[in-house]
Amino acid sequence: MPDKHHANGVRARNIVSKRHVSMPLKGHMGEDLHIDVEMTGGDPLLHKKAAPPGGTMSSFRLIRFLFYGITVCLAFLLILVTLNNTWPLKSAGHTTNSLDHVSVALGVQERTHAVVLDAGSTGSRVLAFTFFKSRSGGGDGRNVVAKGPLSFIANNSSYDNSLKLDDELWHEVKPGLSSFADDPVKGAESLLPLLKLAKERIPEQYWSSTPLVLKATAGLRLLPDEKAEALLLEVKKVLSNSGFHTTENSVGIMDGRDEGIFSWFTVNYLLDRITGTPKDTLVALDLGGGSTQITFVPMEDDTVRGTPADYLTTISLLHKNLNLYTHSYLGLGLMAARKAILVQHRGEDGIIHSPCVNPIVDHQWTYGGETYTIRGPEVPKYQEVRGQAGRLSENRPVADYKECVKTCMAIIKEQVHAPKELKAREVIAFSYFFDRATERGLIDPFKGGVLTMQELLNAATQTCSIPNVEQPLACLDLTFITTLLTSGYGLQGTNTLKLYKRIDNHEVSWALGLAFHVINNGI
């Protein structure tokens with residue numbers, strides 16, 4: 001007959017044995033009585049000792065499984081971290097990822113910072129960068145010893161000390177430093193709000209090790225030497241008391257060639273073109289207020305042979321040498337070009353009557369400490385506009401686009417070299433190129449976009465045909481830009497331009513390239 005303590009006739013496994021226990025009791029007469037009580041299941045402690053595999057042994061197996069699982073996961077994590085940080089297997093992207101943050105926590109990478117002040121002709125900007133950097137000996141030959149739980153991985157010659165961009169602050173104040181040419185103390189003080197923002201973004205414990213540099217561009221290049229030097233002297237005093245790391249070389253005027261190279265690096269780095277082949281890199285066109293730069297890697301022998309020698313240079317980038325075509329045209333920035341174009345039509349009374357300006361315009365414009373009175377041509381030009389829906393036609397006052405082109409050509413043609421291969425390359429344009437395209441509604445002001453040269457040319461002619469006192473110099477600006485790109489650089493109507501102000505939420509600026517330089521090479 002089946003036992004009531006088991007199913008299907010099989011005795012339950014937790015019943016170990018039967019035993020008899022004698023329990024002494026007192027009877028009613030006082031005599032001792034011994035009653036045998038049958039016990040089942042045995043002593044619980046004896047039961048545990050006698051348990052077959054499946055009790056404590058199952059727990060042991062679980063612990064062992066967890067131990068092996070954790071070990072495998074840690075090993076896998078170490079492999080991923082190593083691959084993520086070892087050249088050439090590392091992630092080629094410019095941004096940090098979750099493994100980079102793990103690497104920082106484990107000591108394989110470290111946070112490093114740089115602050116760059118861009119003293120442009122129209123405004124001063126602060127850019128405060130946070131990078132993740134591999135803590136190791138690397139391609140630059142230095143032996144940087146890592147500290148942390150994974151230092152045995154980081155101290156490996158396979159690491160290259162490359163940087164990944166994790167965070168960036170950008171802010172601008174106006175006017176530019178050059179506007180304080182007659183009051184250098186006030187000019188230096190205009191930078192204090194920018195330094196305050198940088199200190200708020202970078203933790204205080206990093207200040208003393210964070211390089212701080214200020215580089216002035218064409219705005220100060222165009223000032224008399226004594227005024228520029230007076231400004232830079234006061235700026236040095238302000239920066240030396242900032243708490244950041246500075247040296248005698250922290251403040252200065254940037255060479256136009258360096259400006260072009262650093263801008264080229266920035267856009268190609270943010271578009272992840274640096275780690276590819278040279279032919280995948282983009283041509284960088286930067287249009288500032290006082291100067292404009294062109295920089296690219298020449299791929300055709302004809303370009304190298306037909307280019308002035310001082311337009312060519314060599315840089316070292318990611319363990320390889322690159323030949324670069326780079327030149328800065330001082331005086332062909334948008335504001336400087338405005339002046340050069342306008343003064344060609346200044347009369348004896350000092351009033352400017354420009355074909356690039358609509359006849360209805362009467363505008364005051366200040367640049368370089370001088371104020372100009374600008375009007376349309378003395379002999380106005382009109383364009384007949386046919387009426388629609390029963391409306392009468394009208395003669396609309398317009399700027400003289402063709403004459404404006406000739407005026408622009410006068411300052412461009414003799415200066416600008418046109419590399420033939422430019423027409424077959426990808427081109428990215430930024431700064432005022434981007435600004436003027438967005439003002440005309442040609443591209444998204446936040447995302448940027450791509451335009452053909454023909455679209456830009458059409459926008460220029462249309463702008464010159466519409467009276468607009470709110471943007472009195474729009475015709476001039478767009479005509480100069482299109483003339484520079486076509487008659488200057490030789491681009492044609494079917495060529496496209498990538499136009500951006502920000503890439504992946506980072507500002508398109510030479511400052512990022514300079515930050516790389518000072519972190520890797522010192523100020």
Side-chain angles (χ1 to χ4, degrees), residues 120-123 174-176 178-179 181-182 218-219 221-224 227 287-292 329-383 395-416 431-433 435-436 439-440 456-457 459-488:
S121 57
T122 59
K174 292 185 177 184
S178 58
S179 300
D182 296 322
R221 290 186 210 129
L222 294 170
L223 285 181
K227 291 191 175 184
L287 181 61
S291 63
T292 186
Y329 294 98
L330 183 61
L332 289 186
L334 187 61
M335 299 299 116
R338 269 187 184 181
K339 175 184 174 181
I341 292 166
L342 290 169
V343 296
Q344 293 182 59
H345 299 277
R346 180 160 55 181
E348 294 182 0
D349 58 359
I351 297 176
I352 294 170
H353 291 276
S354 173
C356 302
V357 177
N358 194 280
I360 69 170
V361 168
D362 188 347
H363 180 63
Q364 301 288 314
W365 178 63
T366 301
Y367 177 71
E370 186 175 355
T371 299
Y372 303 89
T373 299
I374 304 167
R375 297 173 184 169
E378 290 187 277
V379 179
K381 182 177 180 180
Y382 294 88
Q383 181 180 24
N395 286 326
R396 176 189 295 170
V398 296
D400 193 332
Y401 173 74
K402 291 183 178 179
E403 285 299 317
C404 187
V405 170
K406 291 179 182 179
T407 307
C408 294
M409 287 281 290
I411 68 166
I412 292 173
K413 194 61 176 176
E414 299 302 320
Q415 293 192 58
V416 179
S431 300
Y432 277 120
F433 288 120
D435 294 340
R436 292 302 176 260
E439 286 175 1
R440 309 318 306 164
L456 204 57
L457 285 164
T461 56
Q462 183 183 29
T463 300
C464 291
S465 67
I466 299 175
N468 186 350
V469 294
E470 298 298 323
Q471 295 178 320
L473 301 180
C475 169
L476 185 156
D477 288 351
L478 273 182
T479 303
F480 167 73
I481 285 172
T482 53
T483 306
L484 173 65
L485 294 173
T486 54
S487 300

Indicate whether any N or O donor in one side chain lies under 3.5 Å from an N or O acceptor in the other, for Gln471 and Arg440. yes
Determine whether Glu370 and Tyr372 satisfy the following criterion, side chain to side chain donor-acceptor pair (under 3.5 Å), listing intermediate values before the conclusion. CA-CA 7 Å; Glu370 186 175 355; Tyr372 303 89; 3.1 Å; yes
Less than 3.5 Å apart, any donor N or O on the side chain of Ser121 or Ser178 sitting next to an acceptor on the other? no
Can the SG atoms of Cys464 and Cys475 be said to lie under 2.5 Å from each other? yes
Kindly compute the distance separating CD (Glu378) from NE2 (His353), expressed to the nearest 0.5 Å. 4.0 Å
First locate atom CG of Leu484, then atom CG of Leu287, and finally report the distance between them rounded to the nearest 0.5 Å. 7.0 Å
Can you name the closest pair of heavy atoms from Cys404 and Leu476 and give their distance? SG-CA, 4.3 Å
Among Pro359, Pro355, Cys356, whose side chain to side chain contact (heavy atoms under 4.5 Å, CB included) with Asp400 holds? Pro355
Which heavy atom in Arg396 sits nearest to a heavy atom in Ser465, and how many Å separate them? CD-O, 3.1 Å
Roughly how far apart are Thr371 OG1 and Gln364 CD, rounded to 0.5 Å? 7.0 Å
Heavy-atom pair of closest approach, residues Gly488 and Ile412: CA-CG2, 3.9 Å
Side chain proximity check, Asp362 to Thr373, heavy atoms < 4.5 angstrom: yes
Closest approach of Pro397 and Asn358, non-hydrogen atoms and distance? O-ND2, 2.9 Å
In Å and rounded to the nearest 0.5 Å, what is the CG to OH distance from Asp435 to Tyr432? 7.0 Å
Which residues pass the ring-ring contact (aromatic ring centres under 6.0 Å, His included) test with Tyr329, sequence neighbours left out? His327
